[in-house]
K.L.:
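Got a structure for you, written out below as structure tokens; questions coming shortly.
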Amino acid sequence: MATAAQWIEGARPRTLPNAIAPVLVGTGAAASLGGAVWWKALLALVVSLALIVGVNFANDYSDGIRGTDDERVGPLRLVGSKLVKPSAVKAAAIACFAVAAVAGLALAITTAWWLVLIGALCIVGAWFYTGGTKPYGYSGFGEVAVFVFFGLVAVLGTQYVQAETVDWAGLVSAIAVGSFSSAVLVANNLRDIPTDTESGKRTLAVRLGDSRTRILHLATLTVPFVVTLVLVLRTPWALVGLLALPLAVRANAPVRSGGLGLALIPALRDSGLAMLIWGAATAVALAAA
């Protein structure tokens, strides 16, 4: 029987910046157009948080029943460690998706009904990342999905439900957040290359190999700071996003130094923290524009 602390660890709280940052940035982008709505921002945050916890539990379930997590280096997995029955973890994932669906439906009713289709696509994408007979996360498309769902969709969706439009600043900001989110997954998959290769999980890191995956991590951490310079066209205050640069450098340190296994866990943590700081700073800058 898993403890509450183990359930929390199984939810992978270190991934929460992937859910919080896009809502912050999307709200800042909406505010820059004079359209920020606090309760819609809160609902968007509920959707984002529920989705990421749901996808974490769904991955735990699907990877666990396949045996992918039998030899795992990273954080605790509930099914793989046999602490929790697979059915219970699956139920937790479904419950999270239900919360996201209810909050998303409220946003769709008050904004535009076609958003229901976007929400449904997000839930389907979350489940089939590692679920189903042909999970796309096992075929090297995980980083693309993270970029799209927790970058483009999350940021622009948050901006749209509040301002009922999107603009170029929201788009480039979404690209930056998507790149940060991808950096987290790249670091995760770099760490797991040996075990994923053995289990037949063909992630992008497995396909690229160790050295090129390390280059990819640096590239995904560089894009947001290029975006910062682009956002100066909207407001010079966008430069506060550079406050996240030291953390991004620290996040890449174990990657560029050739770290393996547990040595790469700080890269995941600091990539997420850099995203959160960049997101908060950029949100404030856009709101003040």
K.L.:
Going only through I, L, V, M, F, W and Y residues with side-chain contacts under 4.5 Å, is there a path from Leu16 to Val177?
P.N.:
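They do share one cluster, since a chain of ILVMFWY contacts under 4.5 Å joins Leu16 to Val177.
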K.L.:
With rounding to the nearest 0.5 angstrom, report the OG1 to CD1 distance, Thr213 to Ile193.
P.N.:
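Rounded to the nearest 0.5 Å, the OG1-CD1 separation comes to 4.5 Å.
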K.L.:
Using a 3.5 Å distance criterion without hydrogens, assess whether the side chain of Ser182 forms a donor-acceptor pair with backbone atoms of Glu143.
P.N.:
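Here the side-chain-to-backbone pair exists.
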K.L.:
Are Leu216 and Phe180 co-members of a hydrophobic cluster defined by side-chain heavy atoms under 4.5 Å apart?
P.N.:
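No; tracing contacts between hydrophobic side chains, which count when under 4.5 Å, never links both residues.
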K.L.:
Less than 4.5 Å apart, any side-chain heavy atom of Ser179 and any of Leu221?
P.N.:
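No, their side chains stay 4.5 Å or more apart.
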K.L.:
Could you tell me if the side chain of Pro135 sits less than 4.5 Å from the side chain of Phe128, heavy atoms only?
P.N.:
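Of all side-chain heavy-atom pairs linking Pro135 with Phe128, none is under 4.5 Å.
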K.L.:
Kindly determine whether Asn189 and Leu204 satisfy side-chain contact (heavy atoms from CB on, under 4.5 Å), including the steps that lead there.
P.N.:
CA-CA 8 Å; Asn189 289 343; Leu204 183 59; 5.7 Å; no
K.L.:
Are the side chains of Arg202 and Ser139 in touch, meaning some heavy atoms are under 4.5 Å apart?
P.N.:
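Side chain of Arg202 against side chain of Ser139, heavy atoms only: no contact under 4.5 Å found.
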K.L.:
Working note: Val116 + Trp113, criterion side-chain contact (heavy atoms from CB on, under 4.5 Å); need CA distance, chi angles, decisive distance, verdict.
P.N.:
CA-CA 6 Å; Val116 172; Trp113 275 104; 3.8 Å; yes
K.L.:
Taking the ring of Tyr129 and the ring of Tyr136, is the distance between their centroids below 6.0 Å?
P.N.:
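Yes; Tyr129 has its ring centre under 6.0 Å from that of Tyr136.
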K.L.:
Taking salt bridge (charged side-chain N to carboxylate O under 4.0 Å, His left out) as the cut-off, I'd like each qualifying pair that reaches into residues 227-240, sequence neighbours left out, listed once.
P.N.:
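Qualifying pairs, neighbours excluded: Asp167-Arg234.
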K.L.:
If you compare all heavy atoms of Met275 against all heavy atoms of Ala21, which two are closest, and at what distance to 0.1 Å?
P.N.:
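Shortest heavy-atom contact: CG-CB, 3.5 Å.
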K.L.:
Evaluate the side-chain proximity of Leu51 to Val47: yes if any heavy-atom separation is below 4.5 Å, no if none is.
P.N.:
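When only atoms from C-beta onward are counted, Leu51 and Val47 do touch, with a gap below 4.5 Å.
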K.L.:
Measuring only between side-chain heavy atoms, which start at C-beta, is Val46 closer than 4.5 Å to Val99?
P.N.:
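Yes, side chains in contact.
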K.L.:
Taking side chain to side chain contact (heavy atoms under 4.5 Å, CB included) as the test, write out the residues that go with Thr133, two or more places apart.
P.N.:
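So Thr133 forms no side chain to side chain contact (heavy atoms under 4.5 Å, CB included) with any residue.
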K.L.:
Minimum heavy-atom separation for Ile52 to Ala19, with atom names?
P.N.:
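So the minimum-distance heavy-atom pair works out to CG2-CB, 3.8 Å.
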K.L.:
Let me confirm one number: the OG1-CD distance from Thr3 to Glu9, rounded to the nearest 0.5 Å.
P.N.:
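Thr3 atom OG1 to Glu9 atom CD measures 8.5 Å (nearest 0.5 Å).
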K.L.:
Under 4.5 Å between any side-chain heavy atoms of Tyr61 and Trp127, yes or no?
P.N.:
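Yes, close enough: below the 4.5 Å cut-off.
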K.L.:
Checking Thr203 now: which residues fulfil side chain to side chain donor-acceptor pair (under 3.5 Å) with it, not counting sequence neighbours?
P.N.:
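Thr203 satisfies side chain to side chain donor-acceptor pair (under 3.5 Å) with no other residue.
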K.L.:
Could you list the residues that satisfy side chain to side chain contact (heavy atoms under 4.5 Å, CB included) with Arg212, not counting sequence neighbours?
P.N.:
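Listed in chain order: Leu208.
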K.L.:
Between atom CD1 of Ile123 and atom CD1 of Ile94, what is the distance when rounded to the nearest 0.5 Å?
P.N.:
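CD1 of Ile94 is found 11.0 Å from CD1 of Ile123.
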K.L.:
Side chain to side chain contact (heavy atoms under 4.5 Å, CB included) with Ala29: which residues, sequence neighbours excluded?
P.N.:
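Gln159, Leu286.
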K.L.:
Partners of Trp237 by ring pair (Phe, Tyr, Trp, His ring centres under 6.0 Å), sequence neighbours excluded?
P.N.:
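Here no residue qualifies.
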K.L.:
Is the shortest side-chain heavy-atom distance between Leu231 and Ser173 below 4.5 Å?
P.N.:
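Sidechains of Ser173 and Leu231: in contact.
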K.L.:
Is there a path of hydrophobic side-chain contacts, each under 4.5 Å between heavy atoms of I, L, V, M, F, W or Y residues, that connects Phe147 with Val166?
P.N.:
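As far as the 4.5 Å side-chain criterion goes, Val166 and Phe147 are connected within one cluster.
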K.L.:
Do the side chains of Val240 and Val284 get nearer than 4.5 Å, heavy atoms only?
P.N.:
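SC-SC contact between Val284 and Val240 ruled out.
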K.L.:
What pairs with Trp114 under ring pair (Phe, Tyr, Trp, His ring centres under 6.0 Å), at least two apart in sequence or on another chain?
P.N.:
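Checked Trp114 against ring pair (Phe, Tyr, Trp, His ring centres under 6.0 Å); matches are Tyr160.
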K.L.:
Rounded to the nearest 0.5 Å, what separates atom CG in Leu239 from atom CZ in Phe225?
P.N.:
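With rounding to 0.5 Å, CG (Leu239) is 12.0 Å from CZ (Phe225).
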K.L.:
So, Asp63 versus Tyr138: side-chain donor-acceptor pair below 3.5 Å or not?
P.N.:
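The criterion, which ignores hydrogens and geometry beyond distance, is satisfied for Tyr138 and Asp63.
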K.L.:
Cut-off 3.5 Å, side chains only: do Asn188 and Arg12 have a donor facing an acceptor?
P.N.:
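Yes, a side-chain donor-acceptor pair sits under 3.5 Å.
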K.L.:
Stepwise, does the side-chain hydrogen bond (donor to acceptor under 3.5 Å, both in side chains) test hold for Thr228 with Trp278?
P.N.:
CA-CA 9 Å; Thr228 291; Trp278 188 92; 2.7 Å; yes
K.L.:
Ignoring hydrogens and angles, tell me if any N or O in the side chain of Thr282 forms a donor-acceptor pair with the backbone of Gly279 under 3.5 Å.
P.N.:
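No, because the side chain of Thr282 does not come within donor-acceptor range (under 3.5 Å) of the backbone of Gly279.
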K.L.:
Please enumerate all residues that pass ring pair (Phe, Tyr, Trp, His ring centres under 6.0 Å) together with Phe141, with sequence neighbours excluded.
P.N.:
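Listed in chain order: nothing, the list is empty.
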K.L.:
In sequence, state the C-alpha distance, the side-chain angles, and the governing distance for Leu276 and Leu24, and then conclude on side-chain contact (heavy atoms from CB on, under 4.5 Å).
P.N.:
CA-CA 9 Å; Leu276 190 58; Leu24 290 176; 4.3 Å; yes
K.L.:
Does Asp60 reach the main-chain N or O of Val89 with its side chain, forming a donor-acceptor pair under 3.5 Å?
P.N.:
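Side chain of Asp60 to backbone of Val89: no pair is present.
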K.L.:
Yes or no on side-chain contact (heavy atoms from CB on, under 4.5 Å) for Leu152 and Ile175, after CA distance, side-chain angles and deciding distance?
P.N.:
CA-CA 6 Å; Leu152 301 182; Ile175 291 171; 4.1 Å; yes
K.L.:
Tell me every residue that passes side chain to side chain donor-acceptor pair (under 3.5 Å) with Thr130, counting only those two or more places apart in sequence or in another chain.
P.N.:
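Scan of Thr130 (side chain to side chain donor-acceptor pair (under 3.5 Å), adjacent residues dropped) gives Asn59.
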K.L.:
Under 3.5 Å, side-chain donor or acceptor atoms of residues 245-270 against the rest of the protein: list the pairs with distances, not counting sequence neighbours.
P.N.:
from	atom 1	to	atom 2	distance (Å)
Arg250	NE	Asp270	OD2	3.0
Arg250	NH2	Asp270	OD1	3.1
Asn252	OD1	Arg256	NH1	3.3
Asn252	ND2	His217	ND1	3.0
Arg256	NH1	Val249	O	3.0
Ser257	OG	Ala253	O	3.0
Ser257	OG	Pro254	O	3.3

K.L.:
Could you tell me which residues satisfy side chain to side chain contact (heavy atoms under 4.5 Å, CB included) with Val37, sequence neighbours excluded, listed by chain and number?
P.N.:
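Val37 satisfies side chain to side chain contact (heavy atoms under 4.5 Å, CB included) with Trp39, Lys40, Gln162 once adjacent residues are dropped.
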K.L.:
Could you pull out all residues at least two apart from Phe57 that satisfy ring pair (Phe, Tyr, Trp, His ring centres under 6.0 Å)?
P.N.:
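Result, ring pair (Phe, Tyr, Trp, His ring centres under 6.0 Å) vs Phe57: Trp7.
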K.L.:
Once rounded to the nearest 0.5 Å, what's the spacing between atom CD1 of Ile277 and atom CG of Leu242?
P.N.:
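CG of Leu242 is found 12.5 Å from CD1 of Ile277.
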K.L.:
Nearest 0.5 Å, what's the CG-CG distance between Leu115 and Leu121?
P.N.:
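If we round to the nearest 0.5 Å, Leu115:CG and Leu121:CG are 12.5 Å apart.
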